[in-house]
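Working notes, structure below.
What you see is a predicted model, and the numbers here were worked out from it, not measured in a lab. These values consider heavy atoms only, across backbone and side chains, with no hydrogens, waters or symmetry-generated copies. Sequential numbering from 1 along the given sequence is applied to the chain's residues.
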Amino acid sequence: MGLDRSTLRRSPVRPTVTILVLMIIATLLTVPRAYADGPVGIEAVTVGATTITITGRAAGEVDLYAIGAERTASIAGADPVSTVIPTSGRFSATISRIARDGTDRLFSQFVAAADGKPVGPSRYADRFDFAPANPAPLPATTSKKGLQVQLTDDAEELGIQHAALNLDLADIMLLKSADPDSEIAFDHGGSTYYFDAAAVTAFDRQIKPLTDDGILVNVILLLYRHPGEANSAAEVLIHPDASTEPGAGPVFGFNTETADGVRYLSAALDFVAQRYGRQDHRHGLASGYIVGNEVNAQWTWSNSGEKSLAEFVDGYARAVRLVSLATKSAFRAARTYLSLEHHWTLLPPGNPDPENPTRNYRGRDLVDEFNRVAERGGDFDWQVAYHPYPENLFEPDFWNDETATETPDTPRITFKNIEVLPQYLEAAEFRYGDQPRRIILSEQGCNTPGQGDALTEQAERLQAACYALAYYKIKFLPSIDSFILHRHVDHRQEGGLNLGLWAADHSREFPAAPLRKKIIYDVFAGIDTARSTEVTTFALPIIGIDDWAELVDGFDPSKLADRAEVLAVPSRVGGKLADVRPLGTFGRDADGWLPSNNAAAATAQDGVLKVTTADGTFGKQDRGVVRAFDRPIALSGKRWLGATVRVPTDAGLGPEVLVRLRATLDDGMIINGRARIPADGQLHPVAIAVPADPGRLTRLKVLVGGTGTGTPGASFAIGSVVAAGKADPSRLPNVTASAAAERAELIGSRLTIRLGNLDLDPLTGPIMIGNGCGDVRTDPARVDGDGSTFGETQTITTKITAVTGEDPSAVCLELAGQRLLVPVDIPPPTEHTVIDFENDLGGFTPGDGVAGIARVGSFANAPGRPRSGAYALEATSEAVPGDQQRSIAARYRQPLELGAAGTVYVWMNAYGGLPGATGYRATLTLLAEDGTSITETLDSFSPDRWNRVAVDVSGWPGRSKITGIEVGFAGVGSTTTWQPRFQLDDLGWFAG
């Protein structure tokens, strides 16, 4: 132990030579070799509730300093917090944890110095000796299945057990107080910081429902700029060297360079840790924190400017350490992760000088350097969040990856060779204590090749096969804790990738509006249940194997059912509920019911519970309330759980409104049922059947959802919630309904109607089609219910005989005396391709601003491939101003005869990235033999996807003899010199 100078005493006894020799020998035996070779400095920093103890080794008097964690911090001009003289080469000093100015030294770096010069490297707190606010362990999970969640209600339905949510610290943190009514004040380090209440509450609404469902949530900590938001803390939090040059990424590194950066960052982390680390889960629980995104590709995903690997890791390691200190102080079991993409010993592209990379780094090099830096500053409990995307992100058949080998020197680590990563981290030098670093796969997925709004069944099956094999590989790797799929819904601005479980609605402004479930959806839902092999068998011939064990080490089909699926139960709607026990009455207050998925508020009003939808909730999402019962409710004699629900006529939820009741029982069983109600402003009883001999009710949700990809601000009301002994038969149609036309030319087309029975009773009685409402008339116009029972679907096939209106969109059904208006899914018009570029250039030659054209089978920008077939036409621009049109043209001696055409089109794709552009523009011009021409401009052109540029020729006589075609492309709003490429494919026509 070290001695303070004031207690040091000299011995008056001169030791004998023998004793002196023995002392020297003893010292040599007890002092480690490192000290024998020279000064060591601080070895450990232990944080208590009110004190911090610093221990280490040195040869003489040592001054100890506690300075900021920023890179620029220095002991120059600082006062030591303690001065000690080692005993037998060792010292120890205990100081106050809180400095006089209120600074919590938990976040400090500590320096030992002799004669004003540091002894050994600076150290950080690396041990805890105080009880955290939340001493609980990590939430228990049985499955590795996870998802980067966009739709919390759907995630619940899918049965995920791991989730990842993005949190932009600059979105929630303010630079200073501006409006006390819209802020959350937070004290940290002797100062008060401010957070945007609306942004924080929005994140609460994401994480809280997931936590309540027992899902282990990882928060991805990010930073974006917030232009136009003068009071955002972005400019303090973002790395001061972050590049703003074209091509540099939009996700930024953390500012651990300056004192202000570290102060704000520490405050933000402390706020997040305390809010989402509480033992009562009041706002939701974060169990893991992923620091940044794919930081070995820092130029794009952790933009910190030009940095050598050592410079970048020095700053990044400080941020990771601050996250670990803040979160473990609140919730000791919380884990902190590095984030890496799939380049391992291959350098990600984008470095001007690959010999001296300053923008992107090899993943293995970054792990090695991070480990060295962490050891030097006091090792801590960091883990790895990896992204083993396929070799080519657009190609989901990762089993064919050529750069994913089975050695530690593999260029990439993808799904194919993911086992290489845990093998590498098993080495002794990476262990924390005697344990290897844990691994989660926090963002990776399988693309659906093709155009996002026209995906084929074959492409969707390939995506689903990719997921099935990847999941099974991860399932049987014990060192990987979770496989968190990216994405929930396809995103139109993700460079042409279609990674979602849902396809996106490309007609909506929002880029990830959920349109429909893809084939992967059911595979994902069932892969960790008893249905696992049932939902994945289709994939074996796609991959080219007969048994999963051929590619999955340790595959054991008996171990796939990691969780029990939710029990789907039938319902009744509109009938009287009798023999009831109240579970929610709202005459005076909310009676313990709280807002849940996608609900902003739940307020007792006029005898009902009014539920307000959160902003940004899609029509087809469920929004509702939940109640957890302090004392479980016995359901003996109660065969139904019910609620009366009212949805107003102006709710905007579309033609199909469904009420969902989800009940959790004390034996772990979850039951779930849906019923259809009309949006007519009336209270309707809804009840779901309870299985025989149920357990006791511990939690119940009542939710309402509709259809469509709009975001209506719909509210609804609940009159009461009950457990009932009896529910009378349904008095309202209790079915889901869909209708699809065989072709775009509707008259004479086959119309297929599907009715899914939600009810306890079979589907019987007459079904009238087009009976005085809707846009479509059919033959037959009447059929009878076929007796389909709960969970079954009756398929009705009819022929369309007449339509009304120019844009027919719905067919009317009448069941049980009630009318249902069912939207008709109409396929796109039949394409008649005239030029496909499979064999030649289609007659096109370069025009103004174009240097050359060529047939290509692939290209660098998304979607990376022809729209159809093997080839597309690519034009390379000259270096001209961005807003100058580049054109290509074709002239035909033999005119194209398109007299039957209503519309002529060409599919077009292009590079984006024009600095300062406000948009992009494409034009299609047709020239006729009679000297006339017709032009159409597409001002909403989207780069990195196939756009249909079309001209309405239905009233143009020249369409019968077209002698020329011209196609143009330009940026909008920028004159910056720019040399992009653009592609054409499938020029043709359709009738109409």
With sequence neighbours excluded, residues passing side-chain contact (heavy atoms from CB on, under 4.5 Å) with P648: D650, A651
Applying side-chain contact (heavy atoms from CB on, under 4.5 Å), name anything that partners L683, two or more places apart in sequence or on another chain. T644, R646
Does the pair I753 and I767 meet the rule for a side chain to side chain contact (heavy atoms under 4.5 Å, CB included), with working shown? CA-CA 11 Å; I753 301 169; I767 301 171; over 6 Å; no
Sorted by chain and residue number, the side chain to side chain donor-acceptor pair (under 3.5 Å) partners of Q150 (sequence neighbours excluded) come out as none
Rounding to 0.5 Å, atoms CD (Q148) and CD1 (I484) come to a distance of 7.5 Å
If you look only at pairs with a residue in residues 606-637, which of them pass as a ring-ring contact (aromatic ring centres under 6.0 Å, His included), with sequence neighbours excluded? F510-F618
Quick check: does any side chain N or O of S749 sit under 3.5 Å from a backbone N or O of E745, one acting as donor and the other as acceptor? no
With sequence neighbours left out, write down each residue that passes side chain to side chain donor-acceptor pair (under 3.5 Å) with R699, or none if nothing qualifies. D213
Is the closest basic N to carboxylate O distance between D204 and R282 below 4.0 Å? no
Does R743 reach the main-chain N or O of I747 with its side chain, forming a donor-acceptor pair under 3.5 Å? yes
Would you mind listing every ring-ring contact (aromatic ring centres under 6.0 Å, His included) that reaches into residues 734-755, with sequence neighbours excluded? none
Between D591 and R627 (salt bridge meaning N to carboxylate O under 4.0 Å), is one present in this structure? yes
For D825, give me all partners under salt bridge (charged side-chain N to carboxylate O under 4.0 Å, His left out), at least two apart in sequence or on another chain. none
Is the backbone of K799 close enough, under 3.5 Å, to the side chain of D779 for a donor and an acceptor to pair up by distance? no
I'd like to know if the side chain of R676 reaches the main chain of V735, judged simply by a donor and an acceptor atom lying under 3.5 Å from each other, with no hydrogens or angles considered. yes
Applying the side chain to side chain donor-acceptor pair (under 3.5 Å) test to D153, which of Q621, R623, K620 qualifies? Q621
Tell me, which pairs form a side chain to side chain donor-acceptor pair (under 3.5 Å) where one or both residues lie in residues 679-698, sequence neighbours left out? D666-R696, D680-H684
What I want to find out is whether K638 reaches D579 closely enough, with some N-O distance under 4.0 Å, to be called a salt bridge. yes
Out of the candidates V523, V489, N498, L501, only one should pair with K518 under the side-chain contact (heavy atoms from CB on, under 4.5 Å) rule; please name it. N498
Mind checking side-chain contact (heavy atoms from CB on, under 4.5 Å) for R819 and listing every partner two or more places apart, or none if nothing turns up? C773, C812, E814
Scan V659, N734, L641 and name whichever one has a side-chain contact (heavy atoms from CB on, under 4.5 Å) with S571. N734
Side chain of R508, backbone of A513: donor and acceptor closer than 3.5 Å? no
Candidates L665, L635, L697 - the one meeting side-chain contact (heavy atoms from CB on, under 4.5 Å) with V690: L635
Do the charged groups of R662 and D622 touch, with an N to O distance under 4.0 Å? no
Partner set under side chain to side chain donor-acceptor pair (under 3.5 Å) for T793, not counting sequence neighbours: none
Any salt bridge linking R782 with D784? Criterion: basic side-chain nitrogen under 4.0 Å from a carboxylate oxygen. yes
State which residues pass side-chain contact (heavy atoms from CB on, under 4.5 Å) with E534; sequence neighbours excluded, sorted by chain then number. R531
Test of understanding: with salt bridge (charged side-chain N to carboxylate O under 4.0 Å, His left out), list the residues that count as partners of D759, not counting sequence neighbours. none
Do the side chain of N757 and the main chain of S788 share a donor and acceptor less than 3.5 angstrom apart? yes
